[in-house]
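Encoded as structure tokens, the structure appears first; notes follow it.
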There are 4 protein chains.
Amino acid sequence: MSPPSPPPGKRRTDPERRQRIIDVTLEVVAQHGVAGATHRRIAAAADVPLGSMTYHFAGMDELLALAFTQLAQKASAEFRAGLDRVETREEAIAAVVDIIAGDVWAQPATLLLSYELYAFAARNPDLQAVMRGWMAASRQALGRWFDPLTARALDALVEGIGIHNSIDREPLDRAAIEEIVRRVAT
Amino acid sequence: MSPPSPPPGKRRTDPERRQRIIDVTLEVVAQHGVAGATHRRIAAAADVPLGSMTYHFAGMDELLALAFTQLAQKASAEFRAGLDRVETREEAIAAVVDIIAGDVWAQPATLLLSYELYAFAARNPDLQAVMRGWMAASRQALGRWFDPLTARALDALVEGIGIHNSIDREPLDRAAIEEIVRRVAT
Amino acid sequence: MSPPSPPPGKRRTDPERRQRIIDVTLEVVAQHGVAGATHRRIAAAADVPLGSMTYHFAGMDELLALAFTQLAQKASAEFRAGLDRVETREEAIAAVVDIIAGDVWAQPATLLLSYELYAFAARNPDLQAVMRGWMAASRQALGRWFDPLTARALDALVEGIGIHNSIDREPLDRAAIEEIVRRVAT
Amino acid sequence: MSPPSPPPGKRRTDPERRQRIIDVTLEVVAQHGVAGATHRRIAAAADVPLGSMTYHFAGMDELLALAFTQLAQKASAEFRAGLDRVETREEAIAAVVDIIAGDVWAQPATLLLSYELYAFAARNPDLQAVMRGWMAASRQALGRWFDPLTARALDALVEGIGIHNSIDREPLDRAAIEEIVRRVAT
DNA sequence: GATGAATGAGGGTTCATTCAT
DNA sequence: GATGAATGAACCCTCATTCAT
């Protein structure tokens, strides 16, 4: 059995189109918020005809759900990638510090998207499942080096320090972050 | 017998009106998100004519800013209230655990509002100032019992565990939270 | 019998108020057009409470009618003043040239008001009477020196050249105007 | 039998729609003034959904500008048409008298529109260019038979007598108009 | 007499969505 | 399959006007 692919026949420049719309959706949300993410704006940003929006996606909700899901999965993958390549507990601690202080979550756009994601997920059961999966994956990755409670604590720390650093005018530096991480990791 | 109340639909004196609109705004945001917080919806929920919206507030942005500011200030006040009445460091630790595990942030609506608040604040300089004030107040309250770095770490922990507990199907219990708090608080 | 004055008792800073509103109305119309002449804008420009608007005048239509009537009467008076002081036919011709080339109608604001006035008068019988009175007065003033047909022709010329000069990038100079006036005045 | 027309309220193909809206706009302006020309009123008069207004035109200003531009161009074309078909100077004079006394500008609606046009143009640079073009075309048409100064004077006369005749209870008759035109045309 | 608070009607505009092509 | 034209619901906001004071 072949995977469920679009029926063969007259496929044009399609395949990337759908994905590009999803990617652009996140950009638009980052810039204008969920409230400002309209079909028109996304279509314009993706350089796609307006009709494509409702043709490819049932509605904004579905599109947002898809976009946020991909965001969560990508973030989760990056999180695990950072931890999977380490060999010792010391390196694992360093990896956690990297994640908190690193470029990924330090980017204002990414953090902004996470706020929008949380708010959206709170009203969307599908996204809640995605987020629980994300959390579970993070804890599993941490679980290689830390006991379950510590893993959860570290995961929460990543979240909390990330948010506060984005608001704070003087974010915590690497040394301070490491100090805290070490306290939590016994 | 209750005092003679003005016939509904024709009351001209309603001093708390303005404040009620602000309160209702938060309820509507909690229920429908910032994206779904429209003048009409809020007016209906507050049982107020539509014209009152732009009469009392320059626009949705101002109204949201006011509502979120009050939310932040109320949350900040509750945070400090929990810490200001303690007399020992042990009690302070218990208070932090209370805050994390307690009713305030455990309410889904409150957490949801905080996501919306973060997203909104990221695009609104006034709210950023409010949030920095909130963070500063929290750290000051914690500063009575903990050194600055620990205070920041605990504050981040409150944030992170709160968020994760709201997503998690099996939130951390008091004992687990206390264990983590004690690790951070040396 | 005394003239119909407001009943004595508690008169404050009233008398000029009403007239000032009328004057300011013309300024607002000149700046924003009849379409943009709102109670609020006029009240703000006249530094008068909004409630004064509907207190002193039955509605915008009445206020506009009053304002335009005063404008017409003032313009008419100036027109006659220019002609009444002349002693010879030659001076009368010079006066007509003065009116056309002069400062009064050359001011963009004044001409703009006349357009608005014409448009308004076309839909307001009272103003039509005012304008007919204005025309009659002009012709009467001209009638001292010119036969009826010539008077009407000169009056039309004042109108037509005035308008065209306001549109034209190179308005007719005094000499050209005088040449035309002399042709019409036999 | 008439051809099968689409059921009302559900027609999707209406190529002249845009132009009809422009035409109807002038009718609405003639009836209610620029101040009373609203999207809703025009849409109703043109039997067109409200959404069509801002779909076809960027805003009321653009719509008014288009409508007035077409009015000016049509008036200009008629003016020239009257003069272009004459063969002698005598006929040219007769043509000018026709224009002044004729049906075009004698219609109250047309004159009313010209007032609104002048007022609108005074606040709209694009329309000023249109009006200057109109004036230039008129003078060029007159220029075939009259020297430049006379051409301008006759043009102004058309304007002035037209306006005054519309206000006057006893408009000038053809003979009187001809007498004045002849004076101006040397 | 005079006014500031309040309102509901109506303003322009944006939007997701539909549908003929 | 894909799209551009079109729509009507809903948006935020301004307005003249009312009314208790």
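Since we're looking at a predicted model, the values are computed, not measured. Here is the naming used below: chain letters follow the sequence lines, and residue numbers restart at 1 for every chain.
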When B/T54 and A/G51 are each assigned the nearest nucleotide of DNA chain F, the 5'-most assignment goes to A/G51
From CZ of D/F57 across to P of F/dA6 the rounded distance in Å is 11 Å
Counting just side-chain N and O atoms, does B/Y55 come under 4.0 Å of either OP1 or OP2 of E/dT7? no
N/O (side chain, C/S52) to phosphate O (OP1/OP2, E/dA2) under 4.0 Å: no
Would A/H32 and A/T38 satisfy side chain to side chain contact (heavy atoms under 4.5 Å, CB included), going step by step from the backbone distance to the final call? CA-CA 9 Å; A/H32 299 98; A/T38 68; over 6 Å; no
Roughly, in whole Å, what's the span from CG in D/L63 to P in E/dT13? 10 Å
Give the dot-bracket line for DNA chain E from 5' end to 3' end: parentheses for intra-strand Watson-Crick or G-U pairs under 3.5 Å, square brackets for crossings, | for inter-strand pairing, dots for unpaired. .||||||||||||||||||||
Given B/M53 and B/V48, is the side chain to side chain contact (heavy atoms under 4.5 Å, CB included) satisfied, shown in steps? CA-CA 8 Å; B/M53 291 294 117; B/V48 149; 4.0 Å; yes
Euclidean distance, C/I21 CD1 relative to C/R18 CZ, rounded to 0.5 Å: 8.5 Å
So if I take every side-chain heavy atom of B/H56 and compare against F/dG1, E/dA6, F/dT7, which nucleotide ends up nearest? E/dA6
Rounded to whole angstroms, how far apart are CG on D/L64 and P on E/dG12? 10 Å
Nearest listed nucleotide, side chain of A/H39, among F/dT7, E/dA16, E/dT7: E/dA16
Whole-Å gap separating P (F/dC15) and CZ (C/R41): 6 Å
Is there a donor-acceptor pair closer than 3.5 Å between any side-chain N or O of B/E62 and the backbone N or O of B/F57? no
Should the side chain of B/R40 and the base of F/dA10 be counted as holding a donor-acceptor pair, with the cut-off at 3.5 Å? no
Would you kindly give the CG-to-P distance between D/L50 and F/dA6, to the nearest whole Å? 15 Å
Does D/M60 reach a base, just sugar-phosphate, or nothing at all? Heavy atoms under 4.0 Å. sugar-phosphate
Rounded to whole angstrom units, what separation is found between the CZ atom of D/R18 and the P atom of F/dT7? 15 Å
With a 3.5 Å cut-off and just heavy-atom distances, do the side chain of B/R17 and the base of E/dA6 make a donor-acceptor pair? no
Contact nearer the 5' end of DNA chain F, comparing C/T38 with D/P49: D/P49
Under a 4.5 Å cut-off applied to non-hydrogen side-chain atoms, are D/F120 and D/D61 in contact? yes
Pair C/Q70-C/D23, side chain to side chain contact (heavy atoms under 4.5 Å, CB included): steps then yes or no: CA-CA 9 Å; C/Q70 294 197 3; C/D23 294 339; 4.2 Å; yes
C/H32 NE2 - F/dC15 P separation (whole Å): 10 Å
Just how far, in rounded Å, is P of E/dG8 from CE of B/M53? 13 Å
Donor-acceptor under 3.5 Å (D/R41 side chain, D/T25 main chain): no
